[in-house]
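Structure, as structure tokens:
Note on naming: letters A, B, ... go to the chains in the order of the sequence lines (proteins, then strands), and numbering restarts at 1 for each one.
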Amino acid sequence: MTVTVRFAPSPTGKLHVGNVRAALWNWLFTRSRGGEFILRIDDTDKERSTKENEDRIRSDLEWLGLCWDKTFSQSSRFSEYDRVSDAFRDRQLLYPCYETAEELDRKRRLQRTRGLPPVYDRAALDLTDAQRGAFEAEGRRPHWRFKLSHETVKWIDLIRGETVVDTASVSDPVLIREDGMYLYTLPSCIDDIDYSISHVIRGEDHVTNAGVQIEIMKAVIEVRRAGALPRFAHHSLLIGADGQGLSKRLGSLSIEQMRADGIEPSAITSLLAKLGTAEPVLPQPNIMELAKSFDFEKVGRAPARFDESELVALNAKILHELPYAAIANRLSAIGVSEELWNAVKGNLSRIADASLWKAVIEGEIDPVIEDRALSEKAASLVPMGPLTSDSWDSFVNEVKAQTGAKGRALFHPLRLALTGMEKGPEMAAIFPLIGGEKARVRLSGKRA
RNA sequence: GCCCCCAUCGUCUAGUGGACUAGGACGCGGCCCUUUCAAGGCCAAAACUCGGGUUCGAAUCCCGGUGGGGGCACCA
């Protein structure tokens, strides 16, 4: 079976951990099966969609490595949507309604106080031509609802197993607004059929929608006389580390923000690919490796916790294993040489922190003198001439022999004097980079 | 309010009536190593949401409580 999936963000906001997880799973699934990944921009809402958001979404996806094989915007396909909705009207699948938003709201509140679910009562179906004419004469324009079958829709969800939606418990969905604008539902169904989407992979907030959409898709297939229903996979949503829903904090969880915070794309994909599955979360710099092990069988049904501190920790691990060549351009941009990178990477949690160590090693610092006698003695023992990777050991041995200090009492004052920091990279690696001249000055307590 | 889904170590989970003394990974703690921190190696601690029922036997099946998530838009 040919696999074709789509990720369909709406350019009304930014990409965040929640929707990126859906994008990633679509991508991993289709890559693991040699299929296609389509990026569809759901921009039917002209007022809220912006070009900036769309550009941001594309650049975030590219940054994450989620390349697409095909992309299009729904705003380019209105004529197709018109064609299908005309056919729906002919088949009485689409009916005009004249209630205002306030009237609908009042109806819902009334149902709720009676303990009933707020489902549309289909009053518009009983309207006579004369009544409709009267509304039109009043200046009202209709919005259009799709007439659901009121039967039970059933499908085998790849994650949830057999799933059932009773369409009698759902309102007939509004497909076209009073102003003639399409809501996302119909365009989405038409596109999924026209582009032969084989699998719809998304969050479980769409489970009820799937029931409705299956009915609409069936009608689209009839109109088009072609196409097939996709299979569905609805995954649970992420919750915060506090066990509460994520929606309120989404701003701080945007990909844009993470990128600004120095999180590597592979840290995000490594975590999001495995979180909520039976497989361990491990640093995986290669996203294709993630695709190889992707399997719906291993996905749990319960909401999974997304903890930012876990992402930060994973980011550090990825950095520790990152060879210079993989990020050479980014490092040279901040003036970090391969030598420097290899000396300090084991202590970084963000790449940008390399410049911090660059400043310590190459710039000037005020040394911290913890043991004046020891550091002054040490200053006189720094080997003359260029330092090598062996210099540190012989230097420390000499200091030990002449002062009697050992262990922490030996190391700690030297580190503080030479770097001004409590902890940091392996001294043997950074000692030659600091250089003998600077080391002598710092050990004697002067800025250098 | 109504409907749907879910519930195992701190976290993600394995587990489909006896093979469970409940397994793994991450994290946490301890030890070793490195003449400091980190990294690495080793070792430990740590869980079946509660109450009923079915059964010779329940983490596993059923009912109920509690808790969490989702849905019920002229948003997506």
- Query: If you measure from the P atom in B/C31 to the same atom in B/A39, how many Å do you get, rounded?
  - Reply: 15 Å
- Message: I need the minimum non-hydrogen distance between A/A302 and A/S236, along with the two atoms involved.
- Response: O-OG, 2.9 Å
- Message: Base, sugar-phosphate or nothing for A/L314? Non-hydrogen atoms, less than 4.0 Å.
- Response: nothing
- Choose from B/C37, B/U13, B/G69 the nucleotide whose nearest atom is closest to any side-chain atom of A/A278. B/U13
- Using a cut-off of 4.0 Å on non-hydrogen atoms, how would the nucleic acid contact of A/D307 be classed: base, sugar-phosphate, or nothing? nothing
- Give none if B/G17 has no partner; otherwise give the nucleotide forming a Watson-Crick or G-U wobble pair with it, both distances under 3.5 Å. none
- Query: With both distances kept under 3.5 Å, what pairs with B/A59, Watson-Crick or G-U wobble?
  - Reply: none
- Task: Remember a base hit wins even if backbone is also touched, and classify A/T100 as base, sugar-phosphate or nothing at under 4.0 Å, heavy atoms.
- Result: base
- Message: Among B/C74, B/G71, B/C37, which nucleotide has an atom closest to any side-chain atom of A/E426?
- Response: B/C37
- Tell me which nucleotide among B/U35, B/C12, B/A76 gets nearest to the side chain of A/V396. B/U35
- Sugar-phosphate only, base, or nothing, as touched by A/Q111 at under 4.0 Å among non-hydrogen atoms: nothing
- Message: Going by side-chain contact (heavy atoms from CB on, under 4.5 Å), A/M427 matches just one of A/T419, A/D393, A/L414. Which one?
- Response: A/T419
- Query: So what does A/S236 hit on the nucleic acid, given a heavy-atom distance under 4.0 Å: a base, only sugar-phosphate, or nothing?
  - Reply: nothing
- Task: Any strand is fair game: report the nucleotide pairing with B/G1 by Watson-Crick or G-U wobble, both distances under 3.5 Å, or none.
- Result: B/C72
- Message: Any base atoms under 4.0 Å from A/S169, or only sugar-phosphate, or nothing? Heavy atoms, all strands.
- Response: nothing
- Mutual orientation of the aromatic rings belonging to A/F29 and A/F296 [parallel < 30°, tilted 30-60°, perpendicular > 60°]: tilted
- Message: If you apply the rule side-chain hydrogen bond (donor to acceptor under 3.5 Å, both in side chains), what do you find for A/Q74 with A/Y182, and how did you get there?
- Response: CA-CA 10 Å; A/Q74 292 193 319; A/Y182 288 99; over 6 Å; no
- Query: Above 12 or not: heavy atoms from other molecules or residues under 6.0 Å from CD of A/E138?
  - Reply: yes
- Message: With a 3.5 Å limit on both atom pairs, tell me what B/A38 is paired to, counting Watson-Crick and G-U wobble, or say none.
- Response: none
- If you check every side-chain atom of A/I239, which of B/G69, B/C74, B/C72 has the closest atom? B/G69
- Would you classify A/T277 as touching base, sugar-phosphate or nothing, given that sugar-phosphate means primed atoms plus P, OP1 and OP2, and contacts are heavy atoms under 4.0 Å? sugar-phosphate
- Would you classify A/H412 as touching base, sugar-phosphate or nothing, given that sugar-phosphate means primed atoms plus P, OP1 and OP2, and contacts are heavy atoms under 4.0 Å? nothing
- Query: Which one, B/C26, B/C74, B/A76, comes nearest to the side chain of A/K317?
  - Reply: B/C26
- Task: Measure from CE on A/M427 to P on B/U34 and round the result to the nearest Å.
- Result: 19 Å
- Message: Side chain of A/R415, heavy atoms from C-beta onward: which of B/U35, B/C4, B/U36 has the nearest atom to it?
- Response: B/U36
- Nearest-nucleotide pick for A/L410, side chain only, options being B/C74, B/U35, B/A76: B/U35
- Query: What is the distance from CZ of A/R6 to C1' of B/A76, rounded to the nearest Å?
  - Reply: 11 Å
- In whole angstrom, give me the gap between the C1' atoms of B/A45 and B/A7. 24 Å
- Message: What is the distance, to the nearest angstrom, from the CG atom on A/N397 to the C1' atom on B/U36?
- Response: 15 Å
- Pick the P atom in B/C48 and in B/U8, then give their distance to the nearest Å. 11 Å
- Task: Write down the distance separating the C1' atoms in B/C9 and B/U49, rounded off to the nearest Å.
- Result: 14 Å
- Message: Using a heavy-atom cut-off of 4.0 Å across all strands, would you classify A/N209 as base, sugar-phosphate, or nothing?
- Response: base
- Message: Show the nearest heavy-atom pair for residues A/V5 and A/H199, with the distance to one decimal.
- Response: CG1-O, 3.7 Å
- Query: Where each residue is assigned the nucleotide of RNA chain B containing its nearest heavy atom, which of A/V207 and A/F411 is assigned the position nearer the 5′ end?
  - Reply: A/V207
- Task: Quick one: label A/R114 by what it contacts on the DNA or RNA (base, sugar-phosphate, nothing), any heavy atom closer than 4.0 Å.
- Result: nothing
- Separation of the P atoms in B/U34 and B/G27, to the nearest angstrom: 24 Å
- Message: Any donor-acceptor pair, under 3.5 Å, between the side chain of A/R305 and the base of B/U11, if you only look at N and O atoms?
- Response: no
- By the Watson-Crick or G-U definition, both distances under 3.5 Å, B/G27 is matched with none
- Do the rings of A/F232 and A/H234 sit parallel, tilted or perpendicular, given the 30° and 60° boundaries? parallel
- Consider the side chain of A/L237, meaning its heavy atoms from C-beta on, and name the nucleotide among B/A76, B/G70, B/C74 that approaches it most closely. B/G70
- Provide the distance between the two C1' atoms, one in B/U66 and one in B/C50, to the nearest whole Å. 7 Å
- Which whole-number value in Å describes the distance from A/Q213 CD to B/A76 P? 11 Å
- Which part of the nucleic acid, if any, lies within reach of A/H206 when heavy atoms closer than 4.0 Å are counted: base, sugar-phosphate only, or nothing? base
- Item | Nucleotide B/G70, atom P - distance to CG of A/D205 in whole Å | 8 Å
- Message: Among B/A38, B/A7, B/A73, which nucleotide has an atom closest to any side-chain atom of A/A302?
- Response: B/A7
- Query: Does B/C72 have OP1 or OP2 sitting under 4.0 Å from an N or O in the side chain of A/R112?
  - Reply: no
- Item | Any-strand Watson-Crick or G-U partner of B/U66, both distances under 3.5 Å | B/A7
- Task: Please determine, for the side chain of A/P303, which listed nucleotide (B/C74, B/U11, B/C6) has the closest atom?
- Result: B/C6
- Task: Please state the P separation for the pair B/U60 and B/U21 - nearest whole angstrom.
- Result: 15 Å
- Could you tell me whether A/R6 sits above the aromatic face of A/Y195, with NZ or CZ closer than 6.0 angstrom to the six-membered ring centre and within 45 degrees of the axis? no
- Aromatic ring pairing A/F146/A/F88, orientation class (parallel under 30°, perpendicular over 60°, tilted between): tilted
- Task: Using only side-chain N and O atoms of A/R108, determine if any of them is under 4.0 Å from OP1 or OP2 of B/C74.
- Result: yes
- Message: Does a side-chain N or O of A/R301 approach OP1 or OP2 of B/C6 to a distance below 4.0 Å, or not?
- Response: yes
- Query: Looking across every strand, which nucleic acid part, if any, lies under 4.0 Å from A/G203 by heavy atom: base, sugar-phosphate, or nothing?
  - Reply: nothing
- Query: Given the rule in the side-chain hydrogen bond (donor to acceptor under 3.5 Å, both in side chains) test, do A/S293 and A/K274 qualify, once you have shown the distances and angles that lead to the verdict?
  - Reply: CA-CA 10 Å; A/S293 57; A/K274 301 299 186 187; 2.7 Å; yes
- Assign A/K345 to base, sugar-phosphate, or nothing according to its heavy-atom contacts below 4.0 angstrom with the strands shown. nothing
- Task: Could you give the distance separating B/A19 and B/A73 at their P atoms, to the nearest angstrom?
- Result: 49 Å
- Note on the structure: Whole-Å distance, A/K298 NZ to B/U13 P, equals 14 Å
- Message: In this structure, how many angstroms lie between the P atom of B/A7 and the CZ atom of A/R160, rounded?
- Response: 12 Å
- Query: Atom CD of A/E310 to atom P of B/A25: distance rounded to whole Å?
  - Reply: 15 Å
- Message: Students often get this wrong, so: under 4.0 angstrom with heavy atoms, is A/E178 touching a base, only sugar-phosphate, or nothing?
- Response: base
